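Please read the structure below before turning to the comments.
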Amino acid sequence: MQKLEEQEAREILKVTHYCDEATAQDWMVLQKPRGAFSFEQGLINEEGHGTGLVVELHFYRSPETRLITVKMGVFMQKKRSNIKQAVYQLHITTKSYNPDDWHDEAHEHFGKGRHIIPEWKTWKNFSNILEYFCRVTNIQFRPPLEDPEQLRLMP
């Protein structure tokens, strides 16, 4: 996957983007690993026009350890091509809890730039992680995106 230059990625994220009409049913439950959730949707601008940006969220909590793995990202999808460019990515893995080296640390990418996220250990749940992601990426979910781990009864 290609990555934008860090400055270009940060410029894109200065503008507010919207993820409209996302519902709990938009979360896909994955077969592997069992209990993992995935969400993907295009972003629009203030005028309601497509931006060529896509938000992807992946969330997994190990049933054995209760530790989480999170990958959240914003990608630019070029029209008429399968080329996806990384604008922003947030990575927390089970190794982040007890890292062997710098690469295992919880981190984020602004394009090609990579930065450690020291405050991630204060996040207690999915909502805390999503709040940080939305603040950094300038994305508003309308209505707010629900926690994929919350049980919902269907009518």
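Everything numeric here is computed off the predicted structure, so don't read it as measured data.
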* **Charged N-O contact under 4.0 Å between Glu5 and Arg10** => no
* Could you check Thr51 against His17 for side chain to side chain donor-acceptor pair (under 3.5 Å), going step by step and ending with a plain yes or no? => CA-CA 8 Å; Thr51 61; His17 294 93; 4.7 Å; no
* Asked: When the ring planes of Phe39 and Trp27 are compared, do they come out parallel, tilted or perpendicular, using 30° and 60° as the limits?
  -> tilted
* Asked: Can you name the closest pair of heavy atoms from Pro118 and Ile116 and give their distance?
  -> CD-O, 3.3 Å
* Asked: Is Val87 reachable from Val54 through a run of I, L, V, M, F, W or Y residues, each pair having side-chain heavy atoms under 4.5 Å apart?
  -> no
* Asked: Pick one: which of Glu56, Gln2, Gln77 meets side chain to side chain donor-acceptor pair (under 3.5 Å) with Lys84?
  -> Glu56
* To do: Provide the closest heavy-atom pair for Met1 versus Ala86 in the form atom of the first, atom of the second, distance.
  => SD-CB, 3.7 Å
* Side-chain donor or acceptor of Tyr60 paired with backbone N/O of Ser38 under 3.5 Å -> no
* To do: Applying side-chain contact (heavy atoms from CB on, under 4.5 Å) between Leu67 and each of Thr94, Asn98, Thr93, report the one that passes.
  => Thr94
* Could you walk me through whether Glu105 and Arg114 pass salt bridge (Lys or Arg N to Asp or Glu O under 4.0 Å), step by step? => CA-CA 11 Å; Glu105 295 275 349; Arg114 184 182 191 282; over 6 Å; no
* Taking a hydrophobic cluster as the set of Ile, Leu, Val, Met, Phe, Trp and Tyr residues connected by side-chain heavy atoms closer than 4.5 Å, whether directly or through intermediates, do Val136 and Ile139 fall within one such cluster? -> yes
* Structure fact -> The reported gap from NE2 in His109 to CG in Leu4 (rounded to nearest 0.5 angstrom) is 13.0 Å
* Asked: Just how far is it from atom CE of Met76 to atom CG of Leu43, taken to the nearest 0.5 Å?
  -> 11.0 Å
* Asked: Would a hydrophobic clustering, with Ile, Leu, Val, Met, Phe, Trp and Tyr connected at side-chain separations under 4.5 Å, put Val29 with Leu145?
  -> yes
* Asked: If you group Ile, Leu, Val, Met, Phe, Trp and Tyr by side-chain heavy-atom gaps below 4.5 Å, do Met28 and Met72 land in one group?
  -> no
* To do: Could you tell me how the ring of Phe59 sits relative to the ring of Phe126: parallel (under 30°), tilted (30 to 60°) or perpendicular (over 60°)?
  => perpendicular
* Test side chain to side chain donor-acceptor pair (under 3.5 Å) on Glu11 and Gln7 and set out the steps. => CA-CA 6 Å; Glu11 286 297 319; Gln7 188 57 39; 3.1 Å; yes
* Nearest heavy atoms of Leu130 and Phe141, plus distance in Å -> CD1-CE1, 3.9 Å
* **His115 and Glu6: side chain donor to acceptor below 3.5 Å** => yes
* Asked: Any salt bridge between Glu21 and Arg142, counting N to O under 4.0 Å?
  -> no
* With under 30° as parallel and over 60° as perpendicular, where do the rings of His103 and His107 fit, or are they tilted in between? -> tilted
* Look at the side-chain heavy atoms of Ile, Leu, Val, Met, Phe, Trp and Tyr, link any pair under 4.5 Å apart, and say whether Ile44 and Leu57 land in one connected group. => no
* Could you tell me whether the side chain of Tyr88 reaches within less than 4.5 Å of the side chain of Phe133, counting heavy atoms only? => yes
* Is there a donor in the side chain of Asn138 and an acceptor in the side chain of Thr16, or the other way round, less than 3.5 Å apart? -> yes
